[in-house]
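In what follows, a single structure is set out as structure tokens and then discussed.
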Amino acid sequence: MKAEYGQVALVDNGNFFPENELEQDKAWFLMDAIKLLDVKAVGTSPNELRFGYGYLKYHVARTRLPLTSANLIDVRTKKPAFQPYIIEKIGSVKVGFFSLMNEKQDLNNNRDSLRIDEAVATARRVVPELRKKGAAVVVLLSQLGKVESEDLVTAVPGIDAVICGHNVPVLTKGRMVKSTVASYGGEQGQYLSRTMLTLAGGKVMSGENESFMLGPEVGIRADVERLVKAFEDGQNEKMRKAEKEKAAESTIAQEKNADHFVGADLCARCHKNEYDQWKTTSHSLAWNTLVHEKKEATPECITCHVVGYKQNGGFQTGADAPRLANVQCENCHGMGTSHEAFAQPPHQVGEATCVKCHHGENDATWNYDLKLPMVVHGNTTGMTIEHKKVKVEVIPDTAAAPAHGHEGHSH
């Protein structure tokens, strides 16, 4: 877009902090990444306050990220918590950017430090101020939701473009709301939404919007790739240290509990034929699927690819992979220490066991009657591994796509 058009401003609508409390480091990393991309203005959502007002202030100062929020007010100073608006000269045109969030949002632990002023009243004050300071174009980075964003630009004149956020669907084509171009690019970073404004005599005369999916054809910037690698290397080292500590704690806990998982190698002492047959199935390669897709640190994925995740004697951290990775005997037949209760009388594995993992988007083609014969202990053909090889061949074409949302996978 920058190559095709002379006056281009890249903005981010906010709501980029991770929702998982355990992924706090991703917050400052994403701020570094956004800054590297030369984003001209960054909106603010309540989610950016997840780790506290002080945390966000510190990293905004550290990165000098152009964060803006017109109606988020510091209770102590009675002034905007961050820049109320940003004016940038894009080519020969002055553009004013400001951000709003819904005053009904709960600020949780920040409610003693911050307040949210009413959005419409704030917009009616900020827009004329931006015009007075020479902004020929006014852009609202909205965290009000689709309907509320549309209602606001209808009620407040002078906003040329609104980027709609907060539970907003993807619409490939934006729309005109009165005299404002509205864009709806979704929320997971899978789309880049382009708003084109045509000016004449220093005023916006027309506009249009379109959203583009960021697919495999989008290349990787070398500087961003280096930033990602440095972050991941640091995270992996941090994870290794944490895993050693957890492994030590897990060993102590296991020794105190009689019922626990034991791993397939112990089962194989008495059930060698079944063990050898299991090695011919894709269940025995389930962990490789995660490693290949770089999901081996994603808890919701790990559960179905290891033995007894976070249970007594089960898989706790990556250090347990040599013994407890993959879908093993105990995933289907129960804890090894409960062997006698399971064997007398013999217990049959039913569909209820399988659908704990083979359900919904995890396995959209699941069919118990068709799939069970492929993995039963009498089948040594290796057909599920052959099926898996076909799946792996297409992964390079899809791996370049943004890894947002839960991708389907097979075991």
Side-chain angles (χ1 to χ4, degrees), residues 9-17 31 34 39-50 53 56-57 59-61 63-90 94-107 110-111 113-168 177-183 187 195 197 204:
L10 180 64
V11 300
D12 187 283
N13 203 19
N15 196 28
F16 55 86
F17 267 27
M31 295 177 80
I34 292 171
V39 173
K40 298 303 183 185
V42 180
T44 310
S45 79
N47 192 44
E48 275 72 75
L49 297 164
R50 175 176 297 277
Y53 177 34
L56 182 59
K57 275 179 63 176
H59 285 290
V60 167
T63 59
R64 297 185 180 180
L65 195 72
L67 196 75
T68 172
S69 182
N71 65 335
L72 183 66
I73 307 300
D74 186 313
V75 171
R76 184 180 61 84
T77 64
K78 297 181 174 56
K79 295 180 179 180
F82 301 100
Q83 299 178 81
Y85 52 78
I86 293 169
I87 298 177
E88 281 277 345
K89 194 168 186 181
I90 311 300
K94 276 190 176 182
V95 182
F97 306 95
F98 73 109
S99 172
L100 293 171
M101 63 177 78
N102 194 317
E103 62 270 16
K104 296 178 183 178
Q105 284 284 336
D106 190 349
L107 292 172
N110 300 286
R111 61 172 67 100
S113 305
L114 300 167
R115 74 167 193 266
I116 305 174
D117 283 354
E118 203 271 327
V120 172
T122 302
R124 284 179 173 152
R125 174 178 52 80
V126 169
V127 173
E129 194 170 333
L130 287 169
R131 295 294 186 187
K132 187 176 180 180
K133 292 189 175 182
V137 175
V138 173
V139 177
L140 169 59
L141 305 175
S142 173
Q143 281 293 326
L144 302 174
K146 180 180 184 293
V147 174
E148 291 84 352
S149 298
E150 294 171 350
D151 288 347
L152 184 139
V153 298
T154 301
V156 181
I159 300 173
D160 299 303
V162 57
I163 316 299
C164 299
H166 189 72
N167 299 325
V168 169
V177 180
K178 207 170 180 181
S179 58
T180 304
V181 185
S183 79
E187 296 199 308
T195 298
L197 301 173
V204 175

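Heavy-atom basis, side chains included; hydrogens, waters and symmetry copies ignored.
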Worksheet item: Should Lys133 and Tyr85 count as side-chain neighbours, where that means a heavy-atom distance under 4.5 Å?
Response: yes
Worksheet, complete the sentence: In this structure, CD1 of Ile116 is separated from CG of Leu100 (nearest 0.5 Å) by 10.5 Å
Worksheet, complete the sentence: Between His166 and the options Glu148, Gln105, Lys146, the side-chain hydrogen bond (donor to acceptor under 3.5 Å, both in side chains) test singles out Gln105
Discussion item. I want to check something: taking the side chain as every heavy atom from C-beta on, are Pro46 and Met101 in contact at a cut-off of under 4.5 Å?
Written reply: yes
Discussion item. To the nearest 0.5 Å, what is the distance between CZ on Phe16 and CD1 on Ile34?
Written reply: 4.0 Å
Worksheet item: Can you tell if the side chain of Arg111 reaches within under 4.5 Å of the side chain of Asp106, non-hydrogen atoms only?
Response: yes
Practice prompt. Would you check if Leu49 and Leu107 make a side-chain contact, meaning some heavy-atom pair closer than 4.5 Å?
Written response: yes
Practice prompt. Please test Phe82 against Leu65 for side chain to side chain contact (heavy atoms under 4.5 Å, CB included), starting from the C-alpha separation and ending with a verdict.
Written response: CA-CA 10 Å; Phe82 301 100; Leu65 195 72; over 6 Å; no
Worksheet item: Are any non-hydrogen side-chain atoms of Met31 and Leu56 less than 4.5 angstrom apart?
Response: yes
Practice prompt. With rounding to the nearest 0.5 Å, note down the distance linking CD in Glu103 to CG in Asn71.
Written response: 7.0 Å
Practice prompt. Flag the pair Lys78 and Asp117 as a salt bridge only when some basic side-chain nitrogen lies within less than 4.0 angstrom of an acidic carboxylate oxygen.
Written response: no
Worksheet item: Are side-chain heavy atoms of Val177 and Val162 found at a separation under 4.5 Å?
Response: no
Worksheet item: Any side-chain heavy atom of Ile163 within less than 4.5 Å of one from Leu140?
Response: no
Worksheet item: CZ/Phe97 to NZ/Lys40 distance, rounded to the nearest 0.5 angstrom?
Response: 8.5 Å
Item to complete: To the nearest 0.5 angstrom, please state how far the OG atom of Ser99 sits from the CG atom of Leu72.
Response: 9.0 Å
Fill in: Heavy-atom donor-acceptor pair, Arg124 side chain to Val156 backbone, under 3.5 Å
no
Worksheet item: What closest approach, in Å, do Ser142 and Leu144 show between heavy atoms, and which atom pair accounts for it?
Response: OG-N, 3.2 Å
Practice prompt. Taking the side chain as every heavy atom from C-beta outward, state whether Ile87 and Val95 have any pair of such atoms under 4.5 Å apart.
Written response: no
Worksheet item: To the nearest 0.5 Å, what is the distance between OG1 (Thr68) and CD1 (Ile86)?
Response: 5.0 Å
Practice prompt. Might you confirm whether atom NZ of Lys94 has over 12 heavy atoms from other residues, nucleotides or ligands at distances under 6.0 Å?
Written response: no
